[in-house]
Each structure stands twice: as C-alpha cells, then as structure tokens.
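Scroll down for the structure; my scribbles are underneath it.
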Amino acid sequence: MILEKARHLAISAVVLGGLALQPLVAQAETTLTVATVDAAGTLRNLAGKKLRDILEERGAKVKVRHIEGPVLGNAAQVRDQVAEGSVDVIGTDAAWATPYSNFLKATSYAFIFRDHAHLASVFESDFMKGLADQIAAEQGVRILGAAILPSRAYFTSVEPRSANDFEGLKIRSPQLDNWLASYKALGANPTPVNWNEVFLALQTGLVDGGHGLPVDVKPNNWHMAAPNITDLEDMFAVHVWMINEGRWQALSEQEQADLQHAVNEVNAWMAESASKQNIEAIAQMLKEGEGSYISHSAAKREAVAALAGAEKVAEFPNAEREKLREMALAAARKMEGQTGWWDEGVLDQIQAVK
C-alpha cells in the first residue's frame, strides 16, 4: 500500500511538474489542476472538459488544467492529493467524500432517499451548506457543489426478480464501509474491487454483479460479462467537486465566483445529460450484451422498451422491492448513533426534508 501510494505520488509529481514547466504566458491568471479520474468518454470525464471550456469561453481569470483518466491514481488517491494540496480539484462520485462526514455516508446507502427529487432537496438544504463549511474547516477540503444523477443499476449474469435473488450475490463494492454495509443489508455479499478492474472481476466470476450508473458503466463494458441490468432506484449517483480549502481561500472573490458559477453550470448540464444518456446507454448495452432490463418503474421500462424493444424489458415486483427497502432501512436505523456512522435521528431528519 505504501509503495502503491508512493508510485502514484511520483506519477503526480512528474505529470504536474512537467505541466508546471510550460511557459507562463499570463501571470495574472490562476490555473487550477482538476482531475476527474474516470476513463475518457465517461460523463465525469466530459464534465471536467466542460468545466475547463466554460471558464475559457468566459475569459475568466481562473483557468482549468484538466487531468484525464486515472493517471494520478484512483479516486481515493486523488482525493487525498487534493487534501494534501498537490492537486487542486477533483470531480468524482460523492462516495469518495464520505470519509469526511458520517452524514454523507447516508447518501451512498440503499433506500435512504425516497426518490431523485428528495435527494436533490437534501443537497440544496441549509444543512448541507453548513456541512460544506464544517468539512472545509476540519478536513481542508471544500465541497463546491453536487450534481444529482440518475439511479445506479445492478449488472448481473442472473436476472433478479425477487428480494431472495440478492441473497449471497457477490456484488462489487468500493472499499467504503457504508457501501459494504448497504449491500450486506440487502443480503448480498459485497466484494471490494477497484472500478477499473470490475469487468475482469465479472468475467472471471470473482463477483456476480456490479452496481453503477449505466452511462458510466458502458465505456467499461460491464454489460459484456453481466448483461442483465436491474434498476431499483435504491441508490442514486451523486457527482461532487472538491477543492483544496487553502487553494480556495487563495482565490480572489471574483475567481471564486467564476469557478462556482462554472461548477453550477456543469452540474446542471450533468444532471440533464445523464438522464437522457442513461436510457440510451441502457438500450445500447442491452443490444450488445443480450440481457434484460428489470425495473419496478413502469415509466422507465416503457422508455427503455421504446429504444430496445419490449422483449428486452421485465418487471421487478414492487412488493419485492419493498422487502429490500425495509431490510435496508432496518439495518440503517440500527447503525444510528454508533461510532463511525450517522448521528441518532439523522434518518428522520432526512425523511423530514420535502
């Protein structure tokens, strides 16, 4: 682990150091190094490019140097580099912000949020704004904003049609305790695997399934090894932008405003694009992987059927989904107030948000 971290720090130093040797044309401009980690062509990768382009088009004094792909390491490693100050900004899944706040763990846990609109309301609440300041003061990393994306889906070789079908299912998980606990609550067997290694893990049988945003999964070809796509709206994807707090405070008020405005615009673009691209990605993966799309949502089944054919769509009974939801929430409430988890009463606080 130490050697691996040292290797990525060395790569970071070479990449960033090489970029620093480029001629300084405009001394008055501030350039932020932004990494998005995910592979080229994914939504997060494109969001990094869009952030750079928006600032460039507006002639803002703050610019973005976008580092694409996992060249600086995986999401956890780049997140740590942001905290250390060797990278300025990371755009990544909110799951990688959960070590900074026990509350944020709830955003990556099954069935805690009623639907997409509920999760968006929580992120827009005054509570979340205060939490961003708290994390910045305590961890040295500021959350600039979040894009609420569509729900993650399960990619499996089998076709789950009931709550029992999740029992013992080996689901790929990041090495994060809230994800591990979430999958266990559903009866599954979470298995930590790095994102870039999931296809091989599915292909070799190390895991039975993966759980991810379809538009992000498609470039990684999970569907070629696990062609069935089950969408239960149990956990929604959230993209966050995190900046080193010292770097943020060093920006002028105008630079902060320009960057914040660009982040907000990119987040709105991501949310809108992801919704449309997600359905298109699902339809395309069904054609390539020859699997089925399984969901409790009639509206989503209809949307996918319109692009992929009615024969590619199947229903996951609402009663069976409700069993999974009850299992997840029962386990979540047992963890309230325990060390390393959300405080007592947090789940009720979340449910109270309209």
Side-chain angles (χ1 to χ4, degrees), residues 93-128 130-132 134-135 143 146 148-154 160 162-192 209-213 230-240 295-297 316-354:
D93 196 287
W96 300 107
T98 56
Y100 297 143
S101 165
N102 288 335
F103 172 79
L104 286 177
K105 291 180 179 180
T107 65
S108 295
Y109 189 95
F111 293 108
I112 282 184
F113 298 92
R114 294 187 296 273
D115 50 33
H116 185 276
H118 181 213
L119 177 56
S121 294
V122 171
F123 264 88
E124 292 167 2
S125 68
D126 290 338
F127 177 81
M128 280 300 299
L131 184 62
Q134 179 184 339
I135 293 173
I143 297 176
I148 312 302
L149 307 179
S151 54
R152 306 179 196 278
Y154 293 94
S162 71
N164 288 339
D165 290 337
F166 282 81
E167 186 68 34
L169 200 65
K170 292 182 291 184
I171 300 292
R172 174 267 170 186
S173 173
Q175 187 65 56
L176 293 167
D177 53 4
N178 52 311
W179 288 66
L180 296 169
S182 181
Y183 294 139
K184 286 179 181 177
L186 301 180
N189 179 16
T191 305
H211 193 206
L213 183 65
T230 305
D231 182 359
L232 302 178
E233 295 185 331
D234 59 318
M235 189 190 297
F236 294 88
V238 179
H239 177 90
V240 296
S295 178
H296 67 292
S297 169
F316 192 94
N318 270 304
E320 294 299 315
R321 178 181 181 272
E322 183 62 18
K323 289 179 184 178
L324 290 172
R325 192 184 75 84
E326 290 176 355
M327 291 163 61
L329 291 180
R333 290 194 180 280
K334 288 180 181 179
M335 293 186 292
E336 275 195 320
Q338 295 185 22
T339 302
W341 293 99
W342 36 80
D343 295 335
E344 193 75 37
V346 160
L347 297 186
D348 287 336
Q349 185 179 8
I350 290 174
Q351 292 305 312
V353 176
K354 301 302 182 183

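If you're wondering where the values come from, they're calculated on a predicted model, not measured in any experiment. The figures that follow rest on heavy atoms only: side chains count, while hydrogens, waters and symmetry mates do not. Numbers here are sequence positions counted from 1.
With a 4.5 Å cut-off on side-chain heavy atoms, Leu119 and Met235 do not count as touching. Using a 4.5 Å heavy-atom cutoff, the side chains of Leu329 and Ile112 are in contact. A 4.5 Å side-chain heavy-atom check between Gln349 and Asp343 finds every atom pair outside the cut-off. In this structure, Phe113 and Thr107 have side chains that are in contact, with non-hydrogen atoms separated by less than 4.5 Å. Taking the side chain as every heavy atom from C-beta outward, Asn102 and Val346 never approach each other to under 4.5 Å. The shortest side-chain heavy-atom distance between Ile143 and Leu131 does not fall under the 4.5 Å cut-off. Residues Phe111 and Glu326 have side chains not in contact (no heavy-atom distance under 4.5 Å, counting atoms from C-beta outward).
Counting only distance, with no hydrogens or angles, the side chain of Gln175 and the backbone of Leu180 share no donor-acceptor pair below 3.5 Å. Between the side chain of His116 and the main chain of Ile148, a donor-acceptor pair closer than 3.5 Å is present. A donor-acceptor pair under 3.5 Å is absent between the side-chain atoms of Ser182 and the main chain of Trp179, judged by distance alone. In this structure, the side chain of Asp231 engages the main chain of Glu233 through a donor-acceptor pair within 3.5 Å. Looking at Glu320, its side chain never comes within 3.5 Å of a backbone N or O of Phe316 through a donor-acceptor pair. Judged by distance alone, with hydrogens and angles left aside, the side-chain atoms of Lys105 form a donor-acceptor pair with the main-chain N or O of Gly340 at under 3.5 Å.
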task = Apply the test salt bridge (charged side-chain N to carboxylate O under 4.0 Å, His left out) to residues Asp177 and Lys184: give CA-CA distance (whole Å), side-chain angles for both, the deciding distance (0.1 Å), then the verdict.
result = CA-CA 10 Å; Asp177 53 4; Lys184 286 179 181 177; over 6 Å; no
task = Just do the salt bridge (charged side-chain N to carboxylate O under 4.0 Å, His left out) check on Arg325 and Glu322 with the steps written out, would you?
result = CA-CA 5 Å; Arg325 192 184 75 84; Glu322 183 62 18; 2.8 Å; yes
task = Start with the C-alpha gap between His296 and Thr230, add the side-chain angles, then the distance that decides, and say whether side-chain contact (heavy atoms from CB on, under 4.5 Å) holds.
result = CA-CA 9 Å; His296 67 292; Thr230 305; over 6 Å; no
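Taking the six-membered ring for Trp and thresholds of 30 and 60 degrees, Trp342 and Tyr109 have ring planes more than 60 degrees apart, a perpendicular arrangement.
Separation of atoms CG (Leu213) and CZ (Phe236) is listed at 11.0 Å; rounding is to 0.5 Å.
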